[in-house]
*Asks:* 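Before I ask anything, here is the structure I am working with.
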Amino acid sequence: MSVDKDTVAKIANLARIEVSEDELESTVGELNNILDWVEQLGEVNTDGVAAMTSVVAADLPWREDKITDGGYRDQVLKNAPQAEHGFFAVPKVIE
Amino acid sequence: MSELTKMTLSAARDALHKGEISAVEITKAHLAAIEDAKELNSYIVVTGDQALDMAAKADDMIRGGNARGMTGIPIGIKDLYCTKGVHSQTASHILDGFKPEYESTVTANLWADGAVMLGKTNMDEFAMGSSNENSYYGPVKNPWRATGSDKDTVPGGSSGGSAAAVAADISIATTGTDTGGSIRQPASFTGLVGLKPTYGRCSRWGMIAFASSLDQAGPLTKTVRDAAIMMESMAGYDPKDSTSINIPVPNYEAALSGDIRGLKVGVPKEYRVDGMPAEIEKLWQQGINWLKDAGADVVDISLPHTKYALPTYYIVAPAECSSNLARYDGVKYGLRVNGNSLDDMYKKTRAEGFGDEVRRRILIGTYVLSAGYYDAYYLKAQKVRTLIAGDFKAAYEKCDVILTPTAPSAAFNLGEKVSDPISMYLNDVFTVPASLAGLPGISVPAGLSSEGLPLGLQLIGQAFGEEQLLNVAGVLESAASFKEKPAKWWGEKA
């Protein structure tokens, strides 16, 4: 499998990264080099093999469903490029 | 002053505990040495005032009879760890100006034991790289150069700044992080000990995520004993990381008995890769002989899926990275580049904020997770990952630890591999398999290449077998007796 310019443009849109027309061409080449290389996994017989979901055998811990933390609004907003009235501010989305 | 920077962590600890030196004194010596080594570019930020303040508190702890292993030890922290109120950007432009309001668990553990923060060390952006050339803050120079050469070499990556800082004696030890080899490969390139513990041994809380099923914290140190002391402080269960494992942290230093008689050391035939330099093959054989001489039994083992580890890694890690890095959107923290809509703002911010390698991996990850390709790439890779972990499981029925080279070469020149991603990826051929299986690995400096650059050997242990791993590493270290230091070419000439 390999990618073309349209596919890369689609992936870039999904990833929300602007890729200019100029960059698109070289990105196609770069991605195909990597995809060609990982293609060798096709040689491995994985019939009946379970996909790994946890590298160390452990059950996810449970805790009581109680509020134990929070109340950090100002700290959460402190690093925001733009915060107003106690909220994150973004460019207008509704006309 | 310079004698203080040449101390190992364990020697400094002993001298601090006996009151022969003070934490303030040894911290000042390191801050002066950092000032003199700016051209290595190993620190992004130096936190001098904070360091002196922490050192004074450490001296109080010692005077009060509350000294622990790390009390008063000045260390550098990889820029990937969140440190409260201090630059924490994983060397990325996209986190411009980010100063966390909280402290990572690993660094909090170190500070609770009285360690002193010298500053934040340089790294490959988001820990993606094997040469530290992918940093927004510029490449790090390895203190080591080939004999008679004035060409800069790379310190390895991604913990390149952390490695260069210890090798240049401008930090007694440093924290690194290892996703596919990012502690062990730089340790090999700079003549240090680098330990990646078992997945789940250290909390990942407050570590800026790259690939969450692989990322682990670990130390870069001058000796195996130093690694044992620092690991004990960093490790531990943390309810804030659901993947951290709730088992007690042993006294690793007490495990350094030096006795490995009857221990079975596995040597995997698949690690004899094509094109491996003869001198690395020879060093590996030397390592086998050293362990034999110490009374270990050497057994041949097979890890049949070794050649598929790197391609598996380069599906799994980018997939996890594309998901983890989705949070950088110009809204919550860091860089924002304005656009004519919300979507446009996201796209422009992420285009400007991420470097080439990070962008490449996000795109690959997005592709392998996208509808129609998920099964063929991501699911397939997760199945092969099961087989790779199974290889190790089978091998450990025949042996206790595994001995391999750490990297397929010594440090290469700056700029040499930067234009060829796959040849860069191949640096991690020996370190990635253990990462995929979640196993602990340690690199021990074992000799010099014909060009006079350090070479490391790697020991891979069983899950939560760090005590045994460190003990064998100590034996290897004693036998190799690697004492060389890089000739100083930076700063004021000695």
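Numbers restart at 1 for each chain; the letters A, B, ... are given by sequence-line order, proteins then strands. Keep in mind the model is a prediction, meaning the values are calculated, not measured.
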*Asks:* Using non-hydrogen atoms and a 4.5 Å limit, figure out which bit of A:Ala50 sits close to chain B: side chain, backbone, both or neither.
*Replies:* backbone
*Asks:* Can you give me the closest heavy-atom contact between A:Pro81 and B:Gly330, atom names plus distance?
*Replies:*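 Scanning both residues, the minimum pair turns out to be CG-O, 3.4 Å.
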*Asks:* Contact part of B:Tyr102 toward chain A, heavy-atom cut-off under 4.5 Å: side chain, backbone, both or neither?
*Replies:*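 No part of it gets close to chain A.
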*Asks:* Distance from B:Arg361 atom CZ to A:Leu31 atom CG, nearest 0.5 Å?
*Replies:* 12.5 Å
*Asks:* Examine whether an atom of B:Thr243 lies under 4.5 Å from a heavy atom of chain A, and if so say whether it belongs to the side chain, the backbone or both; otherwise answer neither.
*Replies:* neither
*Asks:* Answer with side chain, backbone, both or neither: which region of A:Ala83 has an atom nearer than 4.5 Å to a non-hydrogen atom of chain B?
*Replies:*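 For A:Ala83, neither part sits under 4.5 Å from chain B.
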*Asks:* Only pairs of heavy atoms separated by less than 4.5 Å count here; which of B:Val368, B:Thr312, B:Leu379, B:Leu214 has the most with chain A?
*Replies:* B:Thr312
*Asks:* Please identify, among B:Asp96, B:Asp343, B:Leu335, the residue contributing the most non-hydrogen atom pairs under 4.5 Å to chain A.
*Replies:* B:Asp343
*Asks:* Between B:Tyr425 and chain A, which part of the residue has a heavy atom less than 4.5 Å away: side chain, backbone, both or neither?
*Replies:* side chain
*Asks:* Report yes or no: does B:Thr386 contribute a side-chain atom to a donor-acceptor pair with the main-chain N or O of A:Met52 at less than 3.5 Å?
*Replies:*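 Looks like yes, one N/O pair under 3.5 Å.
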*Asks:* Which bit of A:Glu30 comes within less than 4.5 Å of chain B, counting heavy atoms only: side chain, backbone, both or neither?
*Replies:*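 Side chain of A:Glu30 only, per the 4.5 Å heavy-atom cut-off to chain B.
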*Asks:* Please determine whether a side-chain nitrogen of the Lys or Arg among B:Lys380 and A:Glu39 lies less than 4.0 Å from a carboxylate oxygen of the Asp or Glu.
*Replies:* no
*Asks:* Please determine, among B:Asn340, B:Leu310, B:Thr198, the option with the most heavy-atom pairs under 4.5 Å with chain A.
*Replies:* B:Leu310
*Asks:* Specify which of B:Lys347, B:Gln382, B:Lys307 makes the most heavy-atom pairs with chain A at under 4.5 Å.
*Replies:* B:Lys347
*Asks:* Less than 4.5 Å to any heavy atom of chain B: does that hold for the side chain of A:Thr7, its backbone, both, or neither?
*Replies:* side chain
*Asks:* Please assess B:Arg360 against A:Thr27 for the test side-chain hydrogen bond (donor to acceptor under 3.5 Å, both in side chains), listing each intermediate value before the final yes or no.
*Replies:* CA-CA 8 Å; B:Arg360 191 149 46 223; A:Thr27 307; over 6 Å; no
*Asks:* With a 4.5 angstrom heavy-atom cut-off, could you sort out which part of B:Phe464 is near chain A: side chain, backbone, both or neither?
*Replies:*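 Side chain only.
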*Asks:* Check for a donor-acceptor pair, side chain of A:Asn79 on one end and backbone N or O of B:Lys99 on the other, with a separation under 3.5 Å.
*Replies:*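 Yes; judged by distance alone, with no hydrogens or angles, the pair exists.
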*Asks:* Looking at B:Leu325, B:Val358, B:Ile362, which one forms a side-chain contact (heavy atoms from CB on, under 4.5 Å) with A:Ile17?
*Replies:*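 It is B:Ile362, the one option of B:Leu325, B:Val358, B:Ile362 that forms the side-chain contact (heavy atoms from CB on, under 4.5 Å) with A:Ile17.
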*Asks:* Checking side-chain contact (heavy atoms from CB on, under 4.5 Å) for the pair A:Gln40/B:Tyr308: CA distance, chi angles, key distance, verdict?
*Replies:* CA-CA 8 Å; A:Gln40 54 178 303; B:Tyr308 301 109; 4.2 Å; yes
*Asks:* Given a strict heavy-atom distance threshold of 4.5 Å, which part of A:Asp69 is in contact with chain B: side chain, backbone, both, or neither?
*Replies:* neither
*Asks:* I need the single residue from A:Leu14, A:Ile34, A:Ile11 that forms a side-chain contact (heavy atoms from CB on, under 4.5 Å) with B:Leu363. Which is it?
*Replies:*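 That would be A:Ile11.
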*Asks:* Which bit of B:Ala437 comes within less than 4.5 Å of chain A, counting heavy atoms only: side chain, backbone, both or neither?
*Replies:*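 Contact with chain A: backbone only.
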*Asks:* From A:Phe88 CZ over to B:Lys332 NZ, what is the distance, rounded to the nearest 0.5 angstrom?
*Replies:*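 Rounded to the nearest 0.5 Å, the CZ-NZ separation comes out at 7.0 Å.
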*Asks:* In terms of heavy-atom pairs under 4.5 Å, which option from B:Phe354, B:Tyr377, B:Tyr373 contacts chain A the most?
*Replies:*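 Ranked by contacts with chain A, first place is B:Tyr377.
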*Asks:* Hey, are the side chains of A:Val90 and B:Arg336 touching, using non-hydrogen atoms and a 4.5 Å cut-off?
*Replies:*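 Yes, side chains in contact.
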*Asks:* One thing to verify: whether B:Asp329 and A:Arg16 come together as a salt bridge, which I'm taking to mean a side-chain N less than 4.0 angstrom from a carboxylate O.
*Replies:*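 Salt bridge absent between A:Arg16 and B:Asp329.
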*Asks:* Measure B:Leu342 against the heavy atoms of chain A and call it side chain, backbone, both or neither at under 4.5 Å.
*Replies:*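 Backbone plus side chain of B:Leu342, per the 4.5 Å heavy-atom cut-off to chain A.
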*Asks:* Please flag which part of B:Ala381 lies under 4.5 Å from any non-hydrogen atom of chain A: side chain, backbone, both or neither.
*Replies:* both
*Asks:* Heavy-atom distances under 4.5 Å only: say whether B:Ser242 touches chain A with side chain, backbone, both or neither.
*Replies:*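 It is both, since atoms from each part get that close.
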*Asks:* Between A:Thr53, A:Leu77, A:Val3, who has the most heavy-atom pairs with chain B when the cutoff is under 4.5 Å?
*Replies:* A:Val3
*Asks:* For B:Lys393, look at atom NZ and say whether over 12 heavy atoms of other residues, nucleotides or ligands are found less than 6.0 Å away.
*Replies:*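 Count not over threshold, so no.
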*Asks:* Does any donor atom in the side chain of A:Glu18 or B:Tyr346 lie under 3.5 Å from an acceptor atom in the other side chain?
*Replies:* no
*Asks:* Which value, rounded to the nearest 0.5 Å, describes the distance between B:Ile315 atom CD1 and A:Leu41 atom CG?
*Replies:* 5.0 Å
*Asks:* Look up atom OG1 in A:Thr46 and atom CZ in B:Arg385, then write down how far apart they are to the nearest 0.5 Å.
*Replies:* 15.5 Å
*Asks:* With respect to chain B, which residue among A:Val8, A:Val76, A:Asn13 yields the maximal number of heavy-atom pairs within a distance under 4.5 Å?
*Replies:*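 Top count of heavy-atom pairs under 4.5 Å with chain B: A:Asn13.
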